[in-house]
Q: 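Sending over a structure as structure tokens; questions will come in a sec.
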2 protein chains.
Amino acid sequence: MGVRDRNRAEVTAKILEAARAEIAERGGVGLSMRAVARDAGLASSAIYRYFPTREALLTAMVIESYAHLDEALRQPEGWAALAHATRDWARAFPHEYQLIYGTPIPGYAAPPETIPSAERVARHFLEAVGDHDVAGFDTPELAEQMARLAGEDGSRSGAAAVLAELAALTGFVSLELAGHFVGTADPADALFQAMVARQGRTLGTH
Amino acid sequence: MGVRDRNRAEVTAKILEAARAEIAERGGVGLSMRAVARDAGLASSAIYRYFPTREALLTAMVIESYAHLDEALRQPEGWAALAHATRDWARAFPHEYQLIYGTPIPGYAAPPETIPSAERVARHFLEAVGDHDVAGFDTPELAEQMARLAGEDGSRSGAAAVLAELAALTGFVSLELAGHFVGTADPADALFQAMVARQGRTLGTH
DNA sequence: ACAAATAGAGAGCACCGCTCTTGTAAACGC
DNA sequence: GCGTTTACAAGAGCGGTGCTCTCTATTTGT
């Protein structure tokens, strides 16, 4: 790796850093290639040498955000702790959260290379639940679909239930961030607590 | 109401229709005032006589979408039927769904006038569950927050549980629309069915 | 030392939200 | 009936966007 490549890596890092700041402030849809280029000290055209399209830069940011969330879920143990950590992280970095779990940016479909990052996050929750079965999620179709995710010795109904409860978790956080609870469950802490407790009962985490 | 006003109403309707088509095709974030004006047969500047900002037009579309969903939930009875109708509607009109339950458009906060429309949708689900209590959602904080939503003779823990399960429902649909189930629960019908059944058990709908 | 590959800058295209000015036609007051 | 006010539509324009093309300077491999 020559000087050329090192410089290239440095400039790339600078672009990513600028993009991170832009997203933190204005969100994913508001990400402007020109603004990022400006912040990185480049002409607006030069940024396309590093990221051929806005979409490519966005993809890099999605992967970064997954890694960031993954890190936030390293030490919490058990479903409830993971759920609370996820909500806390989402409220601390709402734009990063929405980059991952929010409405896909139009014309932007999550590219395959983000899937491993997404799965790494899900693994925390799968491990927290362990390998026991969950009643109601043990249908033949689900068993077939969950085979890969559950692995050799994991419970397939458990994996299905975890997926469903992850949907509930992200749904709750998304609604909260969007302000849908304002007239009713605001602040939403009590409702969240009750929901997480219900999830524990559903998943058999006790 | 003179001829003047009638014309104004007609042009407004034309604009809304064009906006509806634009959103159906390109989504809320992709809504372009200029494109809508073109479709409505107006100069790009003339549209601002009817909707002072893009945000105002978007708000009108949000209210329309709520009404559209509300209509789709008129005849289904019971939680499971309502849940399936919601998912079906979301898959038929994904951009309208995301306009309502997706990531808020940056710089756009759901204005207060959309709240009644949102509540009208929620009412379907509240009525489906009825007025019985739901274990685990009967904390003092929730009781206080749910007082208005539950009404005089409604169950407050029931209302809280409905809110939580609505979050689960929208979370599931949002993840499905965003393609998050692609590597795992795809198609997501079986998982959805299992989740709805679980919701029925949680809410005591039988 | 020289050809090839690479990085950056600048101009430009077609689009965006929005504003300001100008022309016109309908409604109103007398 | 006529002048005035008011509503509306159009056009030009501002500063922004993603992205491309061309041109120049620098670094690289040989």
Side-chain angles (χ1 to χ4, degrees), chain A residues 1-23 25-62 95 99 104-109 111, chain B residues 1-23 25-62 95 99 104-109 111:
Chain A
M1 184 166 86
V3 180
R4 201 78 175 233
D5 291 335
R6 213 205 12 253
N7 269 357
R8 188 175 174 87
E10 275 169 18
V11 175
T12 304
K14 209 158 198 157
I15 289 172
L16 287 175
E17 188 190 323
R20 220 173 296 135
E22 270 270 309
I23 282 179
E25 198 161 343
R26 269 174 274 282
V29 257
L31 185 96
S32 153
M33 294 296 271
R34 291 168 107 111
V36 170
R38 267 194 302 274
D39 286 5
L42 290 173
S44 65
S45 55
I47 195 176
Y48 293 93
R49 301 251 175 216
Y50 298 88
F51 295 92
T53 66
R54 201 181 90 110
E55 207 171 305
L57 179 54
L58 237 14
T59 298
M61 297 311 298
V62 167
H95 289 135
L99 199 60
I105 287 157
Y108 173 85
Chain B
M1 182 168 82
V3 180
R4 201 75 176 235
D5 291 335
R6 209 197 25 243
N7 269 356
R8 190 178 172 84
E10 276 169 18
V11 175
T12 304
K14 210 158 197 158
I15 290 173
L16 287 175
E17 189 191 322
R20 219 174 298 137
E22 270 270 310
I23 282 179
E25 199 161 341
R26 269 174 274 282
V29 259
L31 184 93
S32 153
M33 294 295 271
R34 292 169 106 111
V36 170
R38 266 194 304 272
D39 285 6
L42 290 173
S44 66
S45 55
I47 194 175
Y48 294 94
R49 300 248 172 217
Y50 300 86
F51 295 92
T53 66
R54 201 181 92 109
E55 206 172 305
L57 179 55
L58 236 14
T59 298
M61 298 311 299
V62 167
H95 289 134
L99 199 58
I105 287 158
Y108 174 84

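Proteins get letters first, then strands, A, B, ... in listed order; numbering begins at 1 in each. Treat the numbers as computed from the prediction; the structure is a model and nothing was measured. Quick note: numbers below take in every heavy atom, side chains included, and nothing from hydrogens, waters or symmetry partners.
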Q: Could you walk me through whether Ile47(B) and Arg34(B) pass the side-chain contact (heavy atoms from CB on, under 4.5 Å) test, one step at a time?
A: CA-CA 8 Å; Ile47(B) 194 175; Arg34(B) 292 169 106 111; over 6 Å; no
Q: With sugar-phosphate meaning primed atoms plus P, OP1 and OP2, does Phe51(A) contact a base, only sugar-phosphate, or nothing at under 4.0 Å between heavy atoms?
A: nothing
Q: Does Leu16(B) form a side-chain contact (heavy atoms from CB on, under 4.5 Å) with Met61(B)? I'd like the steps, not just the answer.
A: CA-CA 8 Å; Leu16(B) 287 175; Met61(B) 298 311 299; 4.0 Å; yes
Q: Hey, what do you get for CD1 (Ile15(B)) to CD (Glu10(B)), rounding to the nearest 0.5 Å?
A: 12.5 Å
Q: How many angstroms lie between NE2 in His95(B) and CG in Leu99(B), if you round to the nearest 0.5 Å?
A: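 Answer rounded to 0.5 Å: 10.0 Å.
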Q: Specify the separation, in whole Å, of atom CD1 of Ile47(B) and atom C1' of dT19(C).
A: 15 Å
Q: Where do Val36(A) and Ala18(A) come nearest, in terms of heavy atoms and distance?
A: O-CB, 3.8 Å
Q: I'd like a list of close polar pairs between nucleotides 22-25 of chain D and the protein, N/O only, cut-off under 3.5 Å.
A:
none

Q: Enter the distance from Arg38(A):CZ to Ser44(A):OG here, rounded to the nearest 0.5 Å.
A: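 Between Arg38(A) CZ and Ser44(A) OG, I get 8.5 Å after rounding to 0.5 Å.
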Q: Within this structure, what is the CZ-to-C1' distance between Arg8(A) and dT27(D), rounded to whole angstrom?
A: 14 Å
Q: With rounding to the nearest 0.5 angstrom, report the CD to CG distance, Glu25(B) to Leu31(B).
A: 12.0 Å
Q: Going through the distances and angles, do Thr53(A) and Leu58(A) end up as a side-chain contact (heavy atoms from CB on, under 4.5 Å)?
A: CA-CA 9 Å; Thr53(A) 66; Leu58(A) 237 14; over 6 Å; no
Q: Can you give one letter per nucleotide of nucleotides 14-19 of chain D, going 5' to 3': B for a protein heavy atom under 4.0 Å from the base, S for sugar-phosphate only, - for none?
A: ---BBB
Q: Determine whether Phe51(B) and Thr12(B) make a side-chain contact, defined as any pair of heavy atoms from C-beta on separated by less than 4.5 Å.
A: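 Of all side-chain heavy-atom pairs linking Thr12(B) with Phe51(B), at least one is under 4.5 Å.
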Q: Using a 3.5 Å cut-off on both pairing distances, which stems of three or more Watson-Crick or G-U pairs include DNA chain D?
A: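 Output for stems: C:1-30 with D:1-30.
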Q: Rounded to the nearest 0.5 Å, how far apart are CZ of Arg54(B) and OG1 of Thr59(B)?
A: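 Arg54(B) atom CZ to Thr59(B) atom OG1 measures 10.5 Å (nearest 0.5 Å).
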